[in-house]
Amino acid sequence: GKDGKGFGKDVKGFGKDGKGKGKRPRGPSGPGLPRERITQEPMTGEVAEWKGKYGWITPTVPLEHPMAAKNKGNLYVSMSDLVGGIEALTQGSLCQFHVFSDSSGLGAEECLGS
């Protein structure tokens with residue numbers, strides 16, 4: 001029929017490994033710990049390392065927070081916290097992000113690569 005729903009645009013995302021791209025509903029992600037955002041404005045930092053699905057960012061300006069020293073001052077970032085259509089960060093590149101704290105330390109969310 002004319003309204004061939006379910007074909008065309010919606011089929012993408014079931015390719016290679018069956019993971020649908022697109023926005024996952026914001027449920028408990030990663031370790032699923034409750035987060036508290038601690039930045040009002042986005043910060044910048046340098047990608048210290050990227051390990052496939054997560055990585056570490058060194059903030060340009062060290063954070064003043066009781067948890068800041070926990071991971072040598074670095075922020076955890078997960079693939080699910082990257083925005084702007086990117087799925088990885090490049091070591092040594094700059095990025096922009098908001099900082100959150102959870103029980104395991106500080107992390108970056110809404111992270112935009114450069």
Side-chain angles (χ1 to χ4, degrees):
K2 265 178 262 173
D3 47 66
K5 284 197 191 89
F7 296 102
K9 278 193 293 240
D10 305 327
V11 182
K12 275 207 292 285
F14 296 103
K16 284 177 280 230
D17 40 21
K19 284 203 272 295
K21 285 194 181 60
K23 297 258 182 285
R24 281 190 289 279
R26 268 247 189 232
S29 69
L33 300 164
R35 296 176 170 189
E36 181 192 349
R37 182 174 289 194
I38 60 175
T39 46
Q40 311 294 309
E41 301 292 322
M43 292 186 63
T44 58
E46 186 180 317
V47 182
E49 55 183 328
W50 184 255
K51 293 183 173 291
K53 294 210 180 284
Y54 70 96
W56 297 95
I57 295 172
T58 307
T60 310
V61 180
L63 280 148
E64 291 180 26
H65 189 274
M67 298 277 237
K70 243 189 152 163
N71 298 307
K72 301 183 210 137
N74 289 346
L75 305 170
Y76 172 83
V77 60
S78 162
M79 197 165 107
S80 56
D81 287 306
L82 305 180
V83 293
I86 55 171
E87 294 187 347
L89 294 171
T90 309
Q91 189 167 337
S93 67
L94 284 176
C95 52
Q96 187 177 324
F97 49 87
H98 278 282
V99 181
F100 69 86
S101 73
D102 63 24
S103 57
S104 64
L106 299 184
E109 60 185 358
E110 288 180 27
C111 182
L112 275 166
S114 54

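Starting from 1, each residue takes its place in the sequence as its number.
When all heavy atoms of C111 and V77 are compared, the pair lying nearest together is CB-CG2, 4.1 Å. For the residue pair W50 and A88, the shortest heavy atom distance occurs at NE1-CB, 3.5 Å. Across all non-hydrogen atoms, the minimal contact from Q40 to H98 is O-CE1, 3.5 Å. Across all their heavy atoms, Q96 and P42 have their closest contact at NE2-CB, 3.3 Å. A pairwise comparison of heavy atoms in A48 and N74 identifies CB-ND2, 4.1 Å as the closest pair. Heavy-atom minimum distance, P59 versus M43: CB-CE, 3.9 Å.
Using modelled atom types, no side-chain atom of T44 and backbone atom of T60 make a donor-acceptor pair closer than 3.5 Å. Counting only distance, with no hydrogens or angles, the side chain of E46 and the backbone of S93 share no donor-acceptor pair below 3.5 Å.
Interatomic distance, M67 CE to S104 OG, rounded to the nearest 0.5 Å: 7.0 Å. Summarising the geometry, atom CZ belonging to F97 is positioned 8.0 Å from atom OG1 belonging to T39; distances are rounded to the nearest 0.5 Å. Remark: C95 SG to I86 CD1 distance equals 8.0 Å, nearest 0.5 Å. The line from CD of E64 to CD1 of I38 is 11.0 Å long, rounded to the nearest 0.5 Å. Considering CG of L106 and CD of E36, their distance stands at 10.0 Å, rounded to 0.5 Å. Atoms CG and OG1, on L75 and T58 in that order, are 8.0 Å from each other to the nearest 0.5 Å.
By the side-chain hydrogen bond (donor to acceptor under 3.5 Å, both in side chains) test, E49 pairs with K51, sequence neighbours left out.
The same ILVMFWY cluster, assembled from side-chain heavy atoms under 4.5 Å apart, contains both V47 and L63. By the rule that hydrophobic residues join a cluster once side-chain heavy atoms approach within less than 4.5 Å of another member, M79 and I57 end up as members of one cluster. Residues V99 and L82 share a single hydrophobic cluster, defined by chaining ILVMFWY side chains whose heavy atoms lie under 4.5 Å apart.
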